[in-house]
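Written out below as structure tokens is the structure these notes cover.
Per chain, numbering begins at 1; letters A, B, ... match sequence-line order. The figures that follow rest on heavy atoms only: side chains count, while hydrogens, waters and symmetry mates do not.
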Amino acid sequence: MLQIQFIRENRDHVIERLAVRNFDAAEIVDQAIELDKKRRETQSTLDANLSEANSIAKEIGQLFKEGKREEADAKKARSAELKEVSKGLQETLNETQDQLQKLLYQLPNLPHPSVPKGNTDADNEVVMTEGDVPELHDAAQPHWELAKEYGLIDFELGVKITGAGFPVYTGKGARLQRALVNFFLDNATAQGYLETMPPHVINEASGYGTGQLPDKEGQMYHATVDDLYLIPTAEVPITNIYRDVILKEDELPRKHTGYTPCFRREAGSYGKDVRGLNRLHQFDKVEIVQIANPKDSYATLDTMVEYVKTLLNKLELPYRVLRLCGGDLGFTSALTFDMEVYSAAQEKWLEVSSISNFENFQANRLKCRYRGEDGKPQLVHTLNGSALAFPRIVAALLENNQTPEGIRIPAALAEYTGFDMITK
RNA sequence: GGAGAGUUGGCAGAGUGGUCGAUUGCACUGGUCUUGAAAACCAGCGUACCGAAAGGUACCGAGAGUUCGAAUCUCUCACUCUCCGCCA
């Protein structure tokens, strides 16, 4: 959420920046500024009323002690009057604040100056491409065929137990998942990220803290009996560690990594893009999260991108880095780099990581602050990224490394799987 | 699932209708003392909003109520803990 003080002082800048998202903010911004003005005026008047009421209450108390009953009673009239007025003012103030809050919820984060204008993912800027696309043999197959042929993943069995999008991993398929958990966590902790295993279910307050609620309620699985939600990503429980927290400046940055399953309803998604592992309702992911000092959050973002590159290099997967354009940028993000691997049999790029700087947009909702040199609490910057999401990594690994003899496992990962070849 | 207790500032823990935004201890910050450190002593030390400032207002789990006045009384809700039951 953007800060109203900032909007008030930078009206034109806010509108101009949001135009990069093709978001016409003028009307909302002006309404918000108007409401904010009303809010402050109401607040001042109310405060003055309450102030007078407080001093009258004290006077009455004093008069009672002195036994001046009549004088005290006389003052009660004024007190009742003030009470009536204050009640009305309080209602106006609450309404105004609610309306203002609703407007602010509608405004997405301001894109960083480097974000290109654009409408769809076709307008994203390819920052770099790395690695060679492998040449596959003639009988090469997409990963869902390979998974079946080698007995790694059973999609139909998942349908029986749960439904579409909940695959069952078996044998080397399951072992590969376990290897990825350890591979990613070991790499992240070596970079100073604190290994963190959070709850996989969150309460409502946490959902609001990172912005899944109220807007994206339909995207999470909801356990209504207890009013809890299954996490769509580890970002939610981990970032919420810092909800309502004031850190000391020298405690920054805080770095966490966590492995969790992720649950996404993805309502309305179907078609060939969702075949196999391309899009699931439950998948595994290792996440990296940083709570950063605003002055170096962009340097932090760069280190996170660099870190994920090292993972993809170790996995020997061809990949590219995209700078998301305004139209494709997430609601809460100021700058996002997507990492895509090339899946050779499907002949397409698959997103395996999305690394974002939210600046203080999330922090404002979370109320996560740090105390600067002047002693005043200021909002932190939050960042996170996948490092990495498993299913599409597995898809690319299977497709790119298939040979007539079997599926080769990259050396760095073979240390974790215990095998360097998947055979029938 | 049953029964009971509780929710106050970073932590511990007072406070049962008026000068309480809140005693005290610990922690923390600064200072004095010391060759240095410790100890001792002195001072400071919540957050948000309004305001140029002075200052004002709100907040003692959340919301509503009683009252001239509520951390304190009433109601509703949420959460936590303890014991019993069940159980990985």
Side-chain angles (χ1 to χ4, degrees), chain A residues 1-9 32-104 197 199-209 213-214 222-229 237 240-252 254 261 291 360 363-380:
Chain A
M1 189 164 61
L2 296 175
Q3 298 177 95
I4 184 62
Q5 299 92 315
F6 182 85
I7 295 175
R8 190 199 302 155
E9 289 159 19
I33 290 174
E34 194 56 39
L35 279 171
D36 179 52
K37 192 178 169 205
K38 186 179 174 190
R39 181 193 120 247
R40 286 185 292 156
E41 287 167 358
T42 311
Q43 174 90 243
S44 292
T45 317
L46 175 62
D47 284 358
N49 267 275
L50 292 174
S51 182
E52 190 183 342
N54 283 342
S55 52
I56 287 179
K58 278 179 190 163
E59 286 170 25
I60 292 175
Q62 193 57 37
L63 290 171
F64 267 122
K65 273 184 189 163
E66 294 167 8
K68 298 175 181 171
R69 200 58 182 266
E70 279 179 28
E71 283 183 50
D73 286 341
K75 291 201 182 262
K76 282 189 186 178
R78 175 62 182 156
S79 185
E81 200 178 305
L82 285 169
K83 192 177 179 181
E84 196 57 36
V85 175
S86 297
K87 196 176 177 186
L89 285 169
Q90 185 67 59
E91 275 167 21
T92 306
L93 183 61
N94 290 347
E95 277 169 29
T96 309
Q97 277 173 334
D98 285 352
Q99 287 169 13
L100 180 58
Q101 183 82 350
K102 275 184 189 141
L103 283 179
L104 293 178
M197 188 177 270
H200 297 168
V201 180
I202 53 148
N203 58 27
E204 199 175 38
S206 293
Y208 276 94
L213 296 175
H222 188 190
T224 53
V225 175
D226 297 296
D227 205 15
L228 299 171
Y229 297 85
N240 269 283
I241 292 171
Y242 295 97
R243 173 155 46 86
D244 295 322
V245 166
I246 300 178
L247 296 159
K248 292 178 189 151
E249 188 166 16
D250 63 13
E251 289 178 299
L252 297 173
R254 305 301 306 241
I291 309 295
N360 65 23
N364 192 29
R365 274 210 200 177
L366 285 166
K367 295 199 186 68
C368 177
R369 290 159 292 172
Y370 75 100
R371 216 177 282 282
E373 278 176 24
D374 60 356
K376 287 262 188 285
Q378 302 175 45
L379 294 173
V380 299

Taking atom [atom1] in both [N] and [M], what distance in whole Å separates the two?
{"N": "B/U72", "M": "B/C84", "atom1": "C1'", "result": "34 Å"}
{"N": "B/C60", "M": "B/G10", "atom1": "C1'", "result": "16 Å"}
{"N": "B/C75", "M": "B/G9", "atom1": "P", "result": "24 Å"}
{"N": "B/G65", "M": "B/G6", "atom1": "C1'", "result": "23 Å"}
{"N": "B/A48", "M": "B/G21", "atom1": "C1'", "result": "13 Å"}
{"N": "B/G46", "M": "B/C42", "atom1": "C1'", "result": "23 Å"}
{"N": "B/A52", "M": "B/C45", "atom1": "C1'", "result": "27 Å"}
{"N": "B/A43", "M": "B/C11", "atom1": "C1'", "result": "22 Å"}

Item to check | Value rounded to 0.5 Å, distance of CD1 in A/Ile33 from CG in A/Leu103 | outcome: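 One gets 11.0 Å once the value is rounded to the nearest 0.5 Å.
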Item to check | Rounded distance [0.5 Å steps], CD in A/Glu84 versus CG in A/Leu89 | outcome: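 Spacing of CD (A/Glu84) from CG (A/Leu89) equals 10.5 Å.
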Suppose we define a pair by two distances each less than 3.5 Å, Watson-Crick or G-U wobble; what does [N] pair with here?
{"N": "B/A3", "answer": "B/U82"}
{"N": "B/U47", "answer": "B/A58"}
{"N": "B/U35", "answer": "none"}
{"N": "B/G10", "answer": "B/C26"}

Within this structure, what is the [atom1]-to-[atom2] distance between [X] and [N], rounded to whole angstrom?
{"X": "A/Lys58", "N": "B/U19", "atom1": "NZ", "atom2": "P", "value": "7 Å"}
{"X": "A/Ile60", "N": "B/U19", "atom1": "CD1", "atom2": "P", "value": "14 Å"}
{"X": "A/Arg243", "N": "B/C79", "atom1": "CZ", "atom2": "P", "value": "14 Å"}
{"X": "A/Gln62", "N": "B/G69", "atom1": "CD", "atom2": "P", "value": "17 Å"}
{"X": "A/Asn49", "N": "B/C68", "atom1": "CG", "atom2": "C1'", "value": "15 Å"}

Checklist entry - What are the two closest non-hydrogen atoms of A/Thr42 and A/Lys38, and how far apart are they? => result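 That closest heavy-atom pairing would be OG1-O, 2.6 Å.
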Next on the checklist: At under 4.0 Å between heavy atoms, how does the protein contact nucleotides 42-62 of chain B? Give one character per nucleotide, 5' to 3', with B, S or -.
Outcome noted: ----SSSSSS----BSS----
Checklist entry - So do A/Thr96 and A/Leu100 actually touch side chain to side chain, heavy atoms under 4.5 Å? => result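 Not in contact.
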Checklist entry - Heavy atoms under 4.0 Å, any strand shown: does A/Lys76 hit a base, just sugar-phosphate, or nothing? => result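 Base: the residue A/Lys76, judged by heavy atoms under 4.0 Å, touches a nucleobase.
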Checklist entry - Under 3.5 Å, side chain of A/Arg371 to main-chain N/O of A/Ile246, donor-acceptor pair present? => result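 Pair absent, no side-chain N/O of A/Arg371 close to backbone of A/Ile246.
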Checklist entry - Is the side chain of A/Ser51 donor-acceptor paired with the backbone N or O of A/Asp47 at a distance under 3.5 Å, no angle test? => result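 Side chain of A/Ser51 to backbone of A/Asp47: no pair is present.
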Next on the checklist: If you assign each of A/Ser79 and A/Asp226 to its closest nucleotide in RNA chain B, which residue comes earlier from the 5' end?
Outcome noted: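 Nearer the 5' end of the strand: A/Ser79.
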Next on the checklist: Between A/Asn203 and A/Ser206, is there a side-chain donor-acceptor contact under 3.5 Å, judged purely by atom types and distance?
Outcome noted: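 A/Asn203 and A/Ser206 do have a side-chain donor-acceptor pair below 3.5 Å.
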Checklist entry - Charged N to carboxylate O under 4.0 angstrom, A/Asp98 versus A/Lys102? => result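 The answer is no: the pair does not qualify as a salt bridge.
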